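Here's the structure we're looking at; comments come further down.
Bear in mind the structure is a predicted one, so any value in this text is a computation, not a measurement. Position 1 is the first residue of the sequence, and the numbers go up from there.
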Amino acid sequence: MNKLRTALATAAAAALGLAALATAPAQAAAQPAFLAASQMPPSSTPWTATQVFSGVPENGGALCAPYKIPAQNTRYREFSTELDTNGVQITTVARTEADAVKLVDTLRKALAGCGPLLERQNPGLHAVSASHGKLAVEEGAWVYSLDTADPQIGITDIHLFSVGRDGRTVTYVRWGQMGDLRDAPLAAFKATTRTAVNKLWS
């Protein structure tokens, strides 16, 4: 009887071990979800999206916040249209929720101060940053814009940014095209931001 009990216990332990091995890869593979091309603000030509890559895009990843987002535990997807409208979503999972809060604060400060910083770095460039408020989604999301004009070459560009958080996960979204703030789909971008944050772990 003791031998039987030992055999059953050993078999049960082995079964539990196999179950743990079976579930571990699935848990490890769990990753935040990304926006689809169709979830970007409406455009006169369709959006296309790349696959999701590991790390951050080139040049530190985030316009107005280069090298602020760590490459570790980070993935990104880029978006574009035929009319040079473009965008990116960068999502990172921080080690702790406190680290995620700190990263959001860092990104918000960088986005809010981007215009003056660009003017200091590029004499002759006119750059204005503006805050467009907080969105009530998960732990919150914040929206900013950057309006730039280069009189020497006669080009104006407008970018919209957002940074949002769901627990330990932080996502940064950027949209950009030629033009100024009057041309930007601000309301639609806010809707895109809500979708991006809600979709992370939905």
Side-chain angles (χ1 to χ4, degrees), residues 26 29-66 68-69 71 73-94 100 103-104 107-108 110-111 114 129-148 155-202:
Q31 295 279 9
F34 276 73
L35 290 165
S38 61
Q39 293 170 319
M40 291 294 282
S43 175
S44 56
T45 58
W47 285 95
T48 59
T50 66
Q51 67 184 74
V52 176
F53 299 99
S54 295
V56 295
E58 294 181 2
N59 301 319
L63 179 63
C64 285
K68 305 295 185 184
I69 301 175
N73 297 324
T74 298
R75 300 187 307 152
Y76 70 94
R77 167 175 277 172
E78 296 176 313
F79 304 88
S80 62
T81 73
E82 294 178 1
L83 296 179
D84 293 328
T85 305
N86 57 83
V88 66
Q89 182 183 8
I90 308 172
T91 298
T92 187
V93 180
L103 177 58
V104 168
L107 291 173
R108 290 185 60 201
L111 294 175
C114 188
S129 292
S131 171
H132 299 281
K134 179 181 179 180
L135 304 179
V137 54
E138 296 300 339
E139 276 70 59
W142 292 262
V143 177
Y144 299 85
S145 64
L146 173 69
D147 206 337
T148 61
I155 291 179
T156 61
D157 289 301
I158 179 66
H159 293 275
L160 301 176
F161 309 90
S162 63
V163 56
R165 182 172 69 87
D166 182 358
R168 295 188 296 119
T169 306
V170 177
T171 193
Y172 160 103
V173 182
R174 179 187 62 78
W175 170 98
Q177 69 175 24
M178 292 181 62
D180 55 32
L181 189 57
R182 294 174 301 177
D183 305 312
L186 183 57
F189 182 76
K190 289 182 177 181
T192 291
T193 296
R194 289 190 186 93
T195 299
V197 178
N198 275 323
K199 191 175 181 180
L200 290 172
W201 296 106
S202 60

Walk me through it: do L181 and L160 pass the test side-chain contact (heavy atoms from CB on, under 4.5 Å)?
-> CA-CA 9 Å; L181 189 57; L160 301 176; 4.3 Å; yes
Test side-chain contact (heavy atoms from CB on, under 4.5 Å) on Y172 and L111 and set out the steps.
-> CA-CA 11 Å; Y172 160 103; L111 294 175; 4.2 Å; yes
Go through L35 and M40 one step at a time and tell me if the side-chain contact (heavy atoms from CB on, under 4.5 Å) criterion holds.
-> CA-CA 7 Å; L35 290 165; M40 291 294 282; 4.2 Å; yes
For D166 and E139, what are the C-alpha separation, side-chain angles and deciding distance, and is it a side-chain contact (heavy atoms from CB on, under 4.5 Å)?
-> CA-CA 6 Å; D166 182 358; E139 276 70 59; 3.6 Å; yes
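For the pair R174 (side chain) and H159 (backbone), a donor-acceptor distance under 3.5 Å is absent. Judged purely by atom type and a 3.5 angstrom limit, T81 has no side-chain atom pairing as donor or acceptor with the backbone of T45. Side chain of W47 to main chain of P41: a donor-acceptor pair is present (N/O by atom type, distance under 3.5 Å, no hydrogens or angles). Under a 3.5 Å cut-off, the side chain of S54 and the backbone N or O of R75 do not form any donor-acceptor pair. Judged by distance alone, the side chain of R77 and the main-chain N or O of T50 form a donor-acceptor pair under 3.5 Å. One N or O on the side chain of D183 and one on the backbone of D180 form a donor-acceptor pair closer than 3.5 Å.
With a 4.5 Å cut-off on side-chain heavy atoms, Q177 and L83 do not count as touching. Between S129 and Y144, the closest side-chain pair of non-hydrogen atoms is not below 4.5 Å. Inter-residue side-chain proximity for L186 and S145 is flagged as unmet; no heavy-atom pair is nearer than 4.5 Å. Counting only heavy atoms from C-beta outward, the side chains of W142 and V104 approach each other to under 4.5 Å. By the 4.5 Å heavy-atom criterion applied to side chains, V173 and F189 are counted as neighbours.
Annotation: K199, atom NZ; neighbour count of heavy atoms from other residues, nucleotides and ligands within 6.0 Å is above 12.
In this model, a donor atom of one side chain and an acceptor atom of the other lie less than 3.5 Å apart for W201 and T169.
Expressed to the nearest 0.5 Å, how far OG1 of T85 lies from CE of M178 amounts to 10.5 Å. Interatomic distance, Q51 CD to E78 CD, rounded to the nearest 0.5 Å: 10.5 Å.
For the pairing with T171, the side chain to side chain donor-acceptor pair (under 3.5 Å) check across R165, Q89, E138 returns one residue only, Q89.
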